[in-house]
Protein chains: 2
Amino acid sequence: MLRLSKRVEYGLMALQYLAKSGGVATAREISDAGQIPYELLAKVMQSLKHEGIIDSYQGVRGGYALLFSPESINLARVVRALDEHTTITECISPSGDHDACQMLHTCTIKAPMNKLQQRMEESIGSMTIAELL
Amino acid sequence: MLRLSKRVEYGLMALQYLAKSGGVATAREISDAGQIPYELLAKVMQSLKHEGIIDSYQGVRGGYALLFSPESINLARVVRALDEHTTITECISPSGDHDACQMLHTCTIKAPMNKLQQRMEESIGSMTIAELL
DNA sequence: TGAAATCAGACTATTTCAGTCCTATTTCCT
DNA sequence: AGGAAATAGGACTGAAATAGTCTGATTTCA
Ligand code: SF4
Ligand code: SF4
C-alpha cells in the first residue's frame with residue numbers, strides 16, 4: 001500500500017540531480033546519470049513542470065531547473081505531482097470528487113481514516129529535497 | 001502510492017467490529033454488517049489469524065475474536081498482515097530479501113528513503129484499533 | 001537549415017489487485 | 001450418526017493500475 005511508484009522515485013532522483021547541479025540539466029543527462037528510462041523520465045519532468053516545481057527551457061541547450069530552493073520543496077508536493085493516488089482512501093478526494101466510494105454512508109472507518117491521512121501527509125511533507133543531498 | 005488496499009480496509013472494518021462486539025463473530029456476520037464480499041473477507045480473516053492478531057474457532061458456532069486489546073493492536077501490524085508491499089521501496093525489504101532493485105548500487109536516494117520509511121511506519125503505527133471505535 | 005531539446009498523446013505489455021469458485025476439514029446440534 | 005455451519009486453503013478469472021515504448025509536433029540555438 002505504501003510502495004511509491006517508479007514515477008515518484010525517478011522524480012526524486014531528478015530533483016536531487018537538479019538540486020546538486022544547481023542549474024539547468026536535460027532529461028537525457030539525468031536519465032543517463034541515473035539509468036532511468038529516458039521516455040518515462042521525460043514524462044515525469046513534464047508533470048513536475050505542470051505542478052510548478054521546475055521550469056523548462058525548450059530547444060537546443062534547453063532543459064530543466066528548480067523553481068525553488070531544495071529545502072522549500074517537500075515530498076508531499078512531489079507525490080501530488082507524480083502520483084495518481086495521493087489519498088489513503090477513495091472517499092478522501094483532494095478536489096471533492098463525487099466518484100466516491102459506494103459504502104460511503106454505511107462505512108464505519110471513514111472518520112479515523114481521515115485522521116490517518118493527515119498524519120501520513122505530515123510524514124511525507126516533513127521531508128524536503130534538501131534532505132536528499 | 002499510499003492508497004490502502006481493499007484487504008486492509010476490510011481488515012480494519014472487521015477488527016473494529018470484533019472490538020465493538022467484544023466477543024466472537026463470524027466472517028458472514030461481519031460481511032453482512034459491512035457489505036463486504038464474503039469470500040474476500042474470509043481470506044482477510046485468515047491472514048489476520050496467521051499474523052496472530054485474532055484467534056479462530058472452527059465448526060458450527062465458530063468465528064473469530066481479538067487476541068489482544070484494541071489499544072494494543074496498531075495499524076502497522078494490520079498492514080503487515082494484509083498488504084503485499086509494506087515498504088516504501090523494494091530495496092527496503094522487511095526480511096532481507098535478495099530480490100532487491102537493480103540500481104541498488106548506483107541509486108542516490110536509497111538512504112533518505114530509509115529515513116522516510118521510518119517516519120511513515122511511525123505514522124501508521126501510531127494509530128490503534130481503539131481509535132476506530 | 002538541421003540538430004537537440006521539450007511537449008503531447010496514443011499505445012502496449014506487465015504486474016497487481018479484487019473478486020470468485022471449489023473443495024476439504026472441523027465442530028456443534030439434533 | 002449425520003447434517004449444517006463454520007473456518008482453511010488453493011486455484012482461477014477479470015479488471016485496473018503501472019511501467020515502458022513509440023510517434024510526431026514544436027521550439028530554439030548554432
Ligand atoms: S467510505 Fe469507507 S469503505 Fe469507502 S473509501 Fe472511504 S473508508 Fe473506504
Ligand atoms: S535502490 Fe534506489 S531505485 Fe532501487 S528500490 Fe531502492 S530507492 Fe528505489
Side-chain angles (χ1 to χ4, degrees), chain A residues 1-11 13-14 18 23-32 34-51 53-65 67 79 82-87 89-90 99 101-103, chain B residues 1-11 13-14 18 23-32 34-65 67 79 81-87 89-90 99 101-103:
Chain A
M1 97 171 235
L2 43 71
R3 173 67 46 90
L4 33 63
S5 65
K6 287 298 178 188
R7 279 172 59 85
V8 171
E9 276 203 8
Y10 297 159
M13 292 177 186
L18 291 180
V24 175
T26 70
R28 175 67 65 186
E29 184 182 345
I30 299 170
S31 157
D32 288 345
Q35 297 179 339
I36 305 168
Y38 168 71
E39 346 254 338
L40 186 48
L41 178 65
K43 287 298 172 57
V44 166
M45 300 311 281
Q46 286 175 28
S47 296
L48 290 173
K49 155 91 188 271
H50 283 135
E51 174 71 18
I53 296 177
I54 61 179
D55 201 359
S56 71
Y57 305 95
Q58 284 193 328
V60 170
R61 312 291 297 169
Y64 299 94
L67 265 174
V79 169
L82 297 177
D83 235 8
E84 192 73 15
H85 291 147
T86 176
T87 60
T89 65
E90 56 174 316
D99 57 353
C101 173
Q102 304 287 20
M103 18 179 123
Chain B
M1 92 168 241
L2 43 71
R3 173 68 45 91
L4 33 61
S5 65
K6 287 298 176 189
R7 278 172 60 86
V8 171
E9 275 202 8
Y10 296 159
M13 292 177 187
L18 290 179
V24 176
T26 69
R28 176 68 65 188
E29 184 182 346
I30 299 170
S31 156
D32 287 346
Q35 297 179 338
I36 304 169
Y38 168 72
E39 278 105 12
L40 186 48
L41 177 65
K43 288 298 173 59
V44 167
M45 301 311 279
Q46 285 174 30
S47 296
L48 290 174
K49 156 90 188 271
H50 283 135
E51 174 69 19
I53 296 177
I54 62 178
D55 201 358
S56 71
Y57 305 94
Q58 284 193 329
V60 171
R61 312 290 297 167
Y64 300 94
L67 265 174
V79 169
L82 298 176
D83 236 9
E84 192 73 15
H85 292 148
T86 176
T87 60
T89 65
E90 58 174 314
D99 58 353
C101 174
Q102 304 287 20
M103 18 179 123

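If you're wondering where the values come from, they're calculated on a predicted model, not measured in any experiment.
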Q. With the threshold set at 4.0 Å, does a side-chain nitrogen-carboxylate oxygen contact exist between B:Glu90 and A:Lys6?
A. yes
Q: Provide, to the nearest angstrom, the distance between the NZ atom belonging to A:Lys6 and the C1' atom belonging to D:dA17.
A: 15 Å
Q. In chain order, what residues pass the side-chain hydrogen bond (donor to acceptor under 3.5 Å, both in side chains) check against A:Ser5, with sequence neighbours excluded?
A. A:Asp83
Q.
B:Arg3 and side-chain contact (heavy atoms from CB on, under 4.5 Å): which single residue from A:Thr87, A:Thr86, A:Leu2 fits?
A. A:Thr87
Q. Which whole-number value in Å describes the distance from B:Arg3 CZ to D:dA17 P?
A. 9 Å
**Q.** By side-chain hydrogen bond (donor to acceptor under 3.5 Å, both in side chains) - contacts of B:Ser47 (at least two apart)
**A.** B:Arg7
Q: Walking along DNA chain C from 5' to 3', note the first and the last nucleotide with an atom under 4.0 Å from a heavy atom of chain B, and give both.
A: C:dC17 to C:dC28
Q) Considering residues at least two apart in sequence or located in another chain, which fulfil the salt bridge (charged side-chain N to carboxylate O under 4.0 Å, His left out) criterion with B:Glu39? A) none
Q: Using whole Å, report how far CG of A:Leu2 lies from P of D:dA17.
A: 19 Å
(Q) So, using salt bridge (charged side-chain N to carboxylate O under 4.0 Å, His left out) as the criterion, who are the partners of B:Glu29 when residues are at least two apart? (A) none
Q) At under 4.0 Å between heavy atoms, what does B:Ala27 touch on the DNA or RNA strands: base, sugar-phosphate, or nothing? A) sugar-phosphate
Q.
So, OP1 or OP2 of D:dA8: does either fall under 4.0 Å of a side-chain N or O from B:His50?
A. no
Q | Where protein sits on nucleotides 21-30 of chain D, one letter per nucleotide: B base, S sugar-phosphate only, - none, heavy atoms under 4.0 Å | A | BB----BBS-
Q: Find the distance A:Arg7:CZ to D:dA17:C1' and express it as a whole number of Å.
A: 12 Å
Q: Rounded to the nearest angstrom, tell me the gap between atom CD in A:Gln35 and atom C1' in D:dA19.
A: 17 Å
Q. Which residues pass the side-chain hydrogen bond (donor to acceptor under 3.5 Å, both in side chains) test with A:Ser31, sequence neighbours left out?
A. none
**Q.** Minimum heavy-atom distance B:Val24-B:Ala65, with the two atoms named
**A.** CG2-CB, 4.0 Å
Q) Which residue pairs satisfy the side-chain hydrogen bond (donor to acceptor under 3.5 Å, both in side chains) criterion with at least one member in residues 54-65 of chain B, sequence neighbours excluded? A) B:Lys49-B:Ser56
Q. CG of A:Leu41 versus P of D:dG20: gap in Å, rounded?
A. 11 Å
Q.
Please compare B:His85 and A:Ser56 by the position of their nearest nucleotide in DNA chain C and report the one closer to 5'.
A. A:Ser56
